[in-house]
Amino acid sequence: MDMLLLIVIAFWLSLAMAGAWAVQRTTGLSGWIDTIWSFAVGVGGSIAAVFAHGDPDRRIAVLMIVAAWGLRLGGHIGSRTRASGEDPRYAKFIEEWGDGASWRLFVFLQIQAIAAFILVLAVYSAATNEASFPRVIDVLAIIIAVLALTGEAISDLQLRHFRKTPQAKTEVCETGFWRYSRHPNYFFEWMFWCCWVLFAASASIVGWLSLLAPLLMYWLLVHVSGIPPLEEHMLRSRGKKFHALQQRVNAFFPGPRKQDIHPEGELK
C-alpha cells in the first residue's frame with residue numbers, strides 16, 4: 001500500500017469537508033454539503049486511480065467510472081440544492097443540536113470525511129490490482145457500474161419530474177422505479193459501490209478492503225443518514241399517505257408491490 005498517497009487523499013477529504021462546513025455556515029443551505037462530498041470522493045478516487053500502481057488499463061477504467069459517478073451525483077445534488085433550498089435531514093439535525101450546532105456539524109462532517117475515505121479506499125484497491133485487464137469479472141463490474149449509474153440517474157429524473165407536478169405537494173411519488181422501491185436512488189447508489197469488489201478481486205489483502213465500501217454504504221443509507229431521517233420527514237409531511245406507501249412498497253431493494261392500501265388503511 002502507498003501510505004503517502006492514502007495520507008494525501010485523507011487530508012484532501014478532511015479539507016473538503018471543512019470547506020463544506022464553511023459553505024453551509026455561510027449560505028445556510030445544507031445541500032451543498034452532499035454536493036461537495038460527492039465531488040470530493042470523485043476527486044479522491046480519481047487521484048487514487050492516477051497514482052496507484054495497478055494494471056494501467058484497469059486504472060483508466062477505474063478513473064472513468066469514479067469520475068463519472070462524482071460528476072453526475074455532485075451535479076445532481078447541486079442542481080437540486082439551487083432549486084429546492086434546505087435539505088430537511090440536515091435541518092432537523094441542526095435544530096436538534098441547538099446552540100452547539102456549528103461545532104457538532106463540523107465534527108459530523110469530519111466523520112463523513114472518514115466514510116468518504118473508506119469508499120475511496122475501495123477505488124484504490126481496484127486501481128492497485130495488477131491482474132491483466134479485462135477479466136470476465138472486470139466486465140461484470142463495468143456492467144454493474146453502468147447499470148447503477150443509469151438506474152440512479154433515471155430514478156433522480158423521475159423524482160424531479162414528479163416534484164414539478166401539482167400532485168407533489170400532497171402525494172407521494174410512485175412513478176417508474178419508485179413503484180417498486182421507496183428509495184430506488186439509494187438502491188442504485190449502493191449497487192454502484194458493489195462494482196469495486198469485483199474490480200479489486202485478487203489474492204491481495206488490499207483487494208479485500210473493497211468489501212468495506214458496499215457494507216458501509218448499505219449501513220449509512222438503510223440505517224443511518226439515508227432512509228431513517230428522510231422517511232421521518234415524509235411521515236411528518238405526508239402522514240397517512242406515506243404510511244400506506246410503506247405498507248405496499250419495499251423500502252430499499254426493488255420488488256413486487258404488495259396489495260395496494262388506501263391512506264385510510266383500506267385495501268383497494
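Heavy atoms only: backbone and side chains are in, while hydrogens, waters and symmetry mates are out.
The aromatic rings of Trp196 and Phe192 stand perpendicular to each other, their planes meeting at an angle above 60°, with 30° marking the opposite boundary.
Between Gln112 and Ile33 there is a side-chain heavy-atom pair separated by less than 4.5 Å. Taking the side chain as every heavy atom from C-beta outward, Ser210 and Phe199 never approach each other to under 4.5 Å. Proximity of Asn250 to Arg182: side-chain heavy atoms (C-beta onward) are nowhere separated by under 4.5 Å. Between Leu6 and Asp2, every side-chain heavy-atom pair lies at or beyond the 4.5 Å cut-off. In this structure, the side chains of Ser155 and Tyr186 stay at 4.5 Å or more apart for every pair of heavy atoms. Looking only at side-chain heavy atoms (C-beta outward), Leu73 and Glu189 come within less than 4.5 Å of each other. Here the side chains of Arg89 and His233 are not in contact, with every heavy-atom distance at 4.5 Å or above. With contacts defined as side-chain heavy-atom distances shorter than 4.5 Å, the pair Lys241/Thr170 qualifies.
Note on Lys92 versus Glu232: salt bridge recorded, some NZ/NE/NH1/NH2 to OD/OE distance being below 4.0 Å. Salt bridge annotation for Asp156-Arg72: present, with a cationic side-chain nitrogen under 4.0 angstrom from a carboxylate oxygen. Salt-bridge formation is not detected for the pair Asp34/Arg80: no Lys NZ or Arg NE/NH1/NH2 atom is positioned less than 4.0 Å from an Asp or Glu carboxylate oxygen. Between Arg58 and Glu130 there is no salt bridge, since no side-chain N of the basic residue sits under 4.0 Å from a carboxylate O of the acidic one.
The minimum heavy-atom distance between Val123 and Gly45, with the atom names listed, is CG1-O, 3.7 Å.
For an aromatic pair to be called close, the ring centres must be under 6.0 Å apart, and Phe177 with Phe187 fails this. Residues Trp37 and Trp32 keep their aromatic ring centres 6.0 Å or farther apart. Side-chain rings of Trp97 and Phe93 approach one another, their centers coming within less than 6.0 Å.
Take Asp55 and apply the side chain to side chain donor-acceptor pair (under 3.5 Å) test, not counting sequence neighbours, and it matches no residue. Arg135 is linked by a side chain to side chain donor-acceptor pair (under 3.5 Å) to Asp138, counting only residues two or more places apart in sequence or in another chain.
Under the 4.5 Å side-chain contact rule for hydrophobic residues, Ile142 and Met191 share a cluster. Met64 and Leu140 sit in two unconnected hydrophobic clusters of ILVMFWY residues. Membership requires side-chain heavy atoms under 4.5 Å apart, directly or through other members.
Atom CD of Glu95 sits in a sparse spot, with 12 or fewer heavy atoms from other residues, nucleotides or ligands closer than 6.0 Å. Counting heavy-atom neighbours within 6.0 Å of Phe133 CZ, excluding the residue itself, gives a total above 12. The local environment of CZ in Phe11 is sparse, with at most 12 non-hydrogen atoms from other residues, nucleotides or ligands closer than 6.0 Å.
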*Start with the C-alpha gap between Trp193 and Trp69, add the side-chain angles, then the distance that decides, and say whether ring-ring contact (aromatic ring centres under 6.0 Å, His included) holds.*
CA-CA 10 Å; Trp193 290 99; Trp69 171 86; 5.3 Å; yes
*Run the salt bridge (charged side-chain N to carboxylate O under 4.0 Å, His left out) check on Arg238 and Glu171 step by step: do they pass?*
CA-CA 7 Å; Arg238 297 295 184 270; Glu171 301 295 330; over 6 Å; no
*Would you please test Tyr124 and Leu121 for side chain to side chain contact (heavy atoms under 4.5 Å, CB included) and show each step?*
CA-CA 5 Å; Tyr124 171 80; Leu121 188 60; 4.2 Å; yes
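Counting only distance, with no hydrogens or angles, the side chain of Ser225 and the backbone of Leu221 share no donor-acceptor pair below 3.5 Å. In this structure a side-chain-to-backbone donor-acceptor pair under 3.5 Å is present from Arg59 to Ala49. Not a single donor-acceptor pair under 3.5 Å links the side chain of Ser125 to the backbone N or O of Leu209.
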